[in-house]
Structure formats: C-alpha cells, structure tokens
Asks: 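Encoded as structure tokens, here's the structure I'll be asking about.
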Amino acid sequence: MGKKDQSREEEKLNQRVESVLQLVKKQSPPLTPKQEKFCNNACIERFLRAKGDNVKKAAKHLRACLAWRETIGTENLIADEFSTEIAEGVAYVAGHDEESRPIIVLRIKQDYQKFHSQKLFTRLLVFTLEVAIAAMPKNTQQFVLLLDASFFRSASAFMNLLLAALKIVGEYYPGRLYKAFVIDPPSLFSYLWKGVRPFVELSTATMVVSSLDYEESLDFNDFTSYPRASSLRFDPSSINSTAKVGSCSSSRFSFTVSHHFDSLKPWYLTLTSDTSASKVGPTASPSQLGPALISPLNARSLSFASPAARTPRGNISMRKSLFPSTPLPQRSKAFEPVKVNHPRTPRPSFLQSPAMFFRRDSHVSTKAEKSRESFMPFLKFYRRPYDEMIYRSMMRPPLGGLISIVKRRHMSVSQRF
C-alpha cells in the first residue's frame, strides 16, 4: 500500500507540474528557449511548494519571476561587471558543506550602499546566487547564506540590506534557502529584528549568531591550504629562554627558592609546633588558635578570616571586654528548654510570582543554543580566508566573462571542493 500511495502522489505532482507549465505557456509573451530551460520540473515543484500546491498561484508566481529576471538581465550577468567586488571578496561562494550545499558569504561594508545603487547590489546578489546554483550537484537544490554584519555600525542600515536580500531570495528563488545566519550584527539589531521578524517570509530559516561564542573552537587548521592567507604565528620555541632554575638570573632582584616543605608558606601557615623564641610572628608565642588548629576556614590572615575562624575555642563568656556589659536578669531555677530556630524550608505556594511557574530547572536548549549548534558546521567557511582563484574556478562559462578562469590542474587537491 505504501508504494501505491507514493506512486499516486507522484502522478498527482506530475499532473500539477504539467498544468502549471501549460498555464505559463498560454500567457503572452511566449517563453524564450532560456526561459523554457529555466522552467524545468524541479523549478516548478519549488514554486508549487511555496504556494501550497495551488496551480494558479504557482503559475502566476512563476510568470512574475520570469518577468523580473528579464528586467534584471540575469542572462547578461558576467564577472567583468563585478571585478572589484570579486577581488575584494564582497560576495562569493566559499565552498560546499557535507550535504553538497553551496555556502554563500556576504561581507558588504556600510559604505557600499553610499557609492553604489540598489540595482547594482541586486545584480551582485543575483550573480552570486547564480554562481552558487550553477555549482550545485544534481541532487542538491538549496544553499546556505552567511551575512557578515561586523562592518556595519548602524542597525537600521543593515536591516534594510538584510530585508532586501531575503526578499529577493524568498520571492524569486523559492525553496532555495536552507539556512541564513546573521553574524555579529550591531547592538540594536536584535530589537529591530524582533519587531520585523513576524512579517518576513524567511524569518524561520534566519538565525542571529555571534562569533565571540566560538572563541574556544579556534583550532581550525585548514588555513595551511591557502598560501596567500598564511600568517606568521608566535612560536615560543623559537625564543631561547634565559631563565634559571632555583635563583633569579637578575642580580638586582635575586632570590633563592629552597625545597623545604614550608619554605614558601607565610608565617601564619606554618605547620610546625615549635614555639621557641627564634620564630618570628605569632608562632613565637602561643596563640589562641595554635599552630595545629589551622584549617581551610582560618588558613588566611586573621584580619580577613571568617568570624567562626576568629572566635577562639572555649567558653565565649570568659572573654574580657573593654566596656562593662549590662547586667542581665537572673534566670529562674526551673529548667527552661532552649529553643533552636532551624531554617525553615519554604513550601510551594500559589501566591508566589508567576515567573516561578515558568522556571526551567532541567537543561532545555534555548533558541541561542540551537542557533549556536546549527552554525557550527558552517563556522569554518566563515573563518576560511577568501581566495579569488578558487571562487573564479567555480564559475561556469556564461558567468565567467572575458576574464581568464583558473584551470583545475593549477590547483592543489586540498583547494578543490
């Protein structure tokens, strides 16, 4: 029964795909050969899923996408138009993850929008998306988007850039985005994102992370495969040490460390019981605590010790005071039991704060922890240095332009994806 149901669903899906394609072809103007190649079965299925398997809405959406691609000029996009951006690594494909999904990195500065129009940014983003789609294997249909916001000082400026990018991906590349990560945004971005997030279509796939949460995972050793980005690191073994064991090498501040058990301890931590006059400090005279009564509670200077450690053992009432105490009333001869007030354990009550009912005593992963765990597989792509040759080698001939593309045989095996 399972195979029959699956075959029926496939037949229904194929029928819906054919009906969407017929509706798109009926509309004018007629489709060009490149547009017909774009409207394959996988593309129509993505538009159907985006519109809830509604044939008419999917056909209308696909037709609007084809018209938008004509206005942008996706068929005329070449690398020569973005030679400066490609050289600086503003937007590029960093590689593929374990599921063969392309990783797109956007490192746009805040001043970029001042000197470039919105149309140029759109063309740059579309060009990068087309390079990522062309580099996809046959069984892969999605990509990952990493937006580096560390170059932005204004939260509103980066919000406009993010919304524009997500709108283009959501409307004209439906079903293509696997996950999007906003890395190191400005301080006020989180407050703006909370207000805008319910109205963004791809908000569920967008996560905000901070690179400071991954400082302990700096053991990424893949930088050796990039000779351009190799940096000189401090090697402690390269410096010959002049330190001496036992005595200091400097004659002015010279001291000698003996190997006696109590040589490094202060006078009040001495464990010996000798109270001769040769000793210096409180051990020379019998103290109230005594040298044998040193414990973790009073193994400190007596002025900073706890009250329990400073209190001498014995009868407290026998201590002398500077001022005469007020005479207390005499007790009766009858036996009076002493009442000891033990600390009372608070019982649960319904009059407590409502926040007590929402406390998470057990370990429950929050949104921040989930976003942190989901970003771990893509951290190496974010920290990997940019190499222009590797990115240009991923461009197919229609997108490469007149600039010569580095051949695969000139690249090492570690640089291939």
Asks: Could you check whether any side-chain heavy atom of Leu66 comes within less than 4.5 Å of a side-chain heavy atom of Val24, counting everything from C-beta outward?
Replies: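 Yes, their side chains come closer than 4.5 Å.
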Asks: Quick check: closest heavy atoms across Ser211 and Asp184, and the distance to 0.1 Å?
Replies: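 Shortest heavy-atom separation between Ser211 and Asp184 comes out as OG-OD2, 2.6 Å.
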Asks: Name all residues meeting the side-chain contact (heavy atoms from CB on, under 4.5 Å) criterion together with Asn54; count only those two or more places apart in sequence or in a different chain, and write none if there are none.
Replies: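 By the side-chain contact (heavy atoms from CB on, under 4.5 Å) rule, Asn54 matches Lys56, Lys57.
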Asks: To the nearest 0.5 Å, what is the distance between CD1 (Ile183) and OH (Tyr214)?
Replies: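 Rounded to the nearest 0.5 Å, the CD1-OH separation comes to 8.5 Å.
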Asks: How far apart are the C-alpha atoms of Leu399 and Ile78, what are their side-chain angles, what is the distance that settles it, and do they pass the side chain to side chain contact (heavy atoms under 4.5 Å, CB included) test?
Replies: CA-CA 5 Å; Leu399 300 172; Ile78 56 176; over 6 Å; no
Asks: Evaluate the side-chain proximity of Trp68 to Glu171: yes if any heavy-atom separation is below 4.5 Å, no if none is.
Replies: no
Asks: Report yes if some heavy atom in the side chain of Ser203 is under 4.5 Å from a heavy atom in the side chain of Leu166; otherwise report no.
Replies: no
Asks: Check residues 185-196 and write down every donor-acceptor pair under 3.5 Å in which the side-chain atom is one partner and the other belongs to a residue at least two apart or another chain.
Replies:
none

Asks: In chain order, what residues pass the side chain to side chain donor-acceptor pair (under 3.5 Å) check against Glu70, with sequence neighbours excluded?
Replies: Gln35
Asks: Find out whether His96 and Arg101 are in side-chain contact, i.e. whether some heavy atom of one side chain is under 4.5 Å from a heavy atom of the other.
Replies: no
Asks: Any chance you could measure Leu120, atom CG, to Thr122, atom OG1, to the nearest 0.5 Å?
Replies: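 The CG atom of Leu120 sits 8.5 Å away from the OG1 atom of Thr122.
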Asks: Checking the side chain of Arg396 only, and the main-chain atoms of Met394 only, is there a donor and an acceptor separated by less than 3.5 Å?
Replies: yes
Asks: To the nearest 0.5 Å, what is the distance between CG on Leu31 and CG on Leu21?
Replies: 7.5 Å
Asks: Which value, rounded to the nearest 0.5 Å, describes the distance between Arg392 atom CZ and Asp387 atom CG?
Replies: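 So the gap between those two atoms works out to 11.5 Å.
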Asks: Quick one: are Leu163 and Val200 in side-chain contact, heavy atoms under 4.5 Å?
Replies: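 With C-beta onward as the side chain, the pair touches.
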Asks: How would you list, by chain and number, every residue that makes a side-chain contact (heavy atoms from CB on, under 4.5 Å) with Ala157, sequence neighbours excluded?
Replies: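 Here the qualifying residues are Gln110, Phe152, Ser154.
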Asks: Angle class for the Tyr92/Tyr386 ring planes (parallel below 30°, perpendicular above 60°, tilted otherwise)?
Replies: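 The arrangement is tilted - the two ring planes meet at 30° to 60°.
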Asks: When you compare the side chain of Leu77 with that of Phe82, does any pair of heavy atoms fall below 4.5 Å?
Replies: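 They are in side-chain contact.
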Asks: Kindly give the heavy-atom pair with the smallest separation between Leu23 and Ala59, and that separation in Å.
Replies: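 Looks like CB-CB, 3.8 Å.
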Asks: Tell me, do Pro377 and Asp97 make a side-chain contact under 4.5 Å, heavy atoms counted?
Replies: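 Result no, sub-4.5 Å side-chain heavy-atom pair not found.
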Asks: Are Tyr112 and Glu85 close enough that a side-chain donor and a side-chain acceptor fall under 3.5 Å?
Replies: yes
Asks: Verify side chain to side chain contact (heavy atoms under 4.5 Å, CB included) between Lys37 and Lys34, making sure each step is shown before the conclusion.
Replies: CA-CA 5 Å; Lys37 184 179 179 180; Lys34 292 183 178 180; 5.6 Å; no
Asks: Any chance you could measure Ser210, atom OG, to Arg372, atom CZ, to the nearest 0.5 Å?
Replies: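 Spacing of OG (Ser210) from CZ (Arg372) equals 10.0 Å.
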Asks: So which heavy atom on Ala87 is nearest to which on Glu388, and how close?
Replies: CA-OE1, 3.8 Å
Asks: Just verifying a value: how many Å separate Met389 CE and Tyr391 OH, rounded to the nearest 0.5 Å?
Replies: 15.5 Å
Asks: Side chains of Met207 and Ser374, heavy atoms from C-beta outward: is any pair under 4.5 Å?
Replies: yes
Asks: Test your reading of the model: is there a side-chain donor-acceptor pair from Asp213 to the backbone of Val209, 3.5 Å cut-off?
Replies: no
Asks: List the atom pairs, donor and acceptor, that lie under 3.5 Å between side-chain atoms in residues 44-53 and the rest of the protein, sequence neighbours left out.
Replies:
none

Asks: How about Glu36: does its CD atom have over 12 heavy atoms from other parts shown lying under 6.0 Å from it?
Replies: yes
Asks: Minimum heavy-atom separation for Phe121 to Ala164, with atom names?
Replies: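 Here Phe121 and Ala164 meet closest at CE2-CB, 4.4 Å.
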Asks: Side-chain polar contacts of residues 125-148 - donor-acceptor pairs under 3.5 angstrom, sequence neighbours left out - could you list them?
Replies:
| residue | atom | partner | partner atom | Å |
| --- | --- | --- | --- | --- |
| Thr128 | OG1 | Leu124 | O | 2.8 |
| Glu130 | OE2 | Arg69 | NH1 | 3.1 |
| Glu130 | OE2 | Arg69 | NH2 | 3.4 |
| Glu130 | OE2 | Tyr173 | OH | 2.8 |
| Asp148 | OD1 | Ser150 | N | 3.2 |
| Asp148 | OD1 | Ser150 | OG | 2.8 |
| Asp148 | OD1 | Tyr382 | OH | 3.4 |
| Asp148 | OD2 | Arg107 | NE | 3.2 |
| Asp148 | OD2 | Ser150 | OG | 3.4 |

